[in-house]
Amino acid sequence: MAAVPTTAWHITMDINGEPYPTRHYAPDVEGTSDACFNLPPRQLDYLRAIHEAGHAVTALAGRAHLHYAQIVKGPATSTQGGVTDCCSRFADGQAFAVFSAAGERASDRWLREAGLWTPERAVAVEVGSHGDRHLFLSINPHVGFGDKQIDYRVLHDLADAALDKHWAATVRVADALAATGHLTGDDIATLADLPNGTHTAA
């Protein structure tokens, strides 16, 4: 990954007491609840599904072994609306970077294509991805938000390029995941027409 010039990040909120940068600006967004999206339940379920589908398909494209993906349907009982579980041995560091940012970027893309995108929803997507960002940054301290060697926007650009290549597969997976709430890794591999990687023992 190479650092590239980027627009400024906005810091209008804190998460867990830490400033949280967002690429979009919507100062009225508060908190991390589903209410920030202001979407009906079916669209909220699909937003969760496309997020996890973005992770799942890019995990397969990155040669990881995918165990499963699932979403919470209806009101979330925690701040986690879904999970994609895979072995952590990716083809390389860039593949893991793509996987880390792909849920966030798939959500943003779907909102745009569905005619639902607003700055407020875009920020809510970013805030909802704080767990993904935290995990990646905890093992990649050289990546930051205009203050480190590599800007996090690079991850967004890499994820966008991967989703361009696999968008039809991502939508197929999201459609099925929104309907069922849970898919095995092999189910997803079949839907995406991508091989499931080799399981890595813990």
Handout entry: Verdict with supporting geometry, Phe136 and Phe99, ring-ring contact (aromatic ring centres under 6.0 Å, His included)
Key = CA-CA 10 Å; Phe136 182 84; Phe99 164 80; over 10 Å; no

Practice task
Take His51 and Glu104 through the test side-chain hydrogen bond (donor to acceptor under 3.5 Å, both in side chains) and record every step on the way to the result.
Solution key: CA-CA 6 Å; His51 179 109; Glu104 179 178 347; over 6 Å; no

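Under a 4.0 Å N-O distance rule, the pair Asp164/Arg109 qualifies as a salt bridge. Between Asp45 and Arg48, at least one side-chain nitrogen of the basic residue sits less than 4.0 Å from a carboxylate oxygen of the acidic one, meeting the salt-bridge criterion.
Summarising the geometry, atom NE2 belonging to His142 is positioned 9.5 Å from atom NZ belonging to Lys148; distances are rounded to the nearest 0.5 Å. Residue Thr58 holds its OG1 atom at 12.5 Å from NZ of Lys165, rounded to the nearest 0.5 Å.
Here the two rings, on Trp117 and His24, have centers that are under 6.0 Å apart.
Contact annotation: the side chain of Asp108 never approaches that of Glu126 to less than 4.5 Å [non-hydrogen atoms, C-beta and beyond].
Classification of the His130-Tyr20 ring pair by plane angle, with boundaries at 30° and 60°, yields perpendicular.
Among residues two or more places apart in sequence or in another chain, the side chain to side chain contact (heavy atoms under 4.5 Å, CB included) test is passed with Ala114 by Trp110, Leu116.
Under a hydrophobic clustering in which Ile, Leu, Val, Met, Phe, Trp and Tyr are joined whenever their side-chain heavy atoms come within less than 4.5 Å, directly or via other members, Val98 and Val57 fall into different clusters. Taken together through direct or relayed side-chain contacts under 4.5 Å among Ile, Leu, Val, Met, Phe, Trp and Tyr, Val154 and Ile139 form part of one hydrophobic cluster.
Within the structure, salt bridge (charged side-chain N to carboxylate O under 4.0 Å, His left out) pairs that include any residue of residues 185-195 do not occur (at least two apart or interchain).
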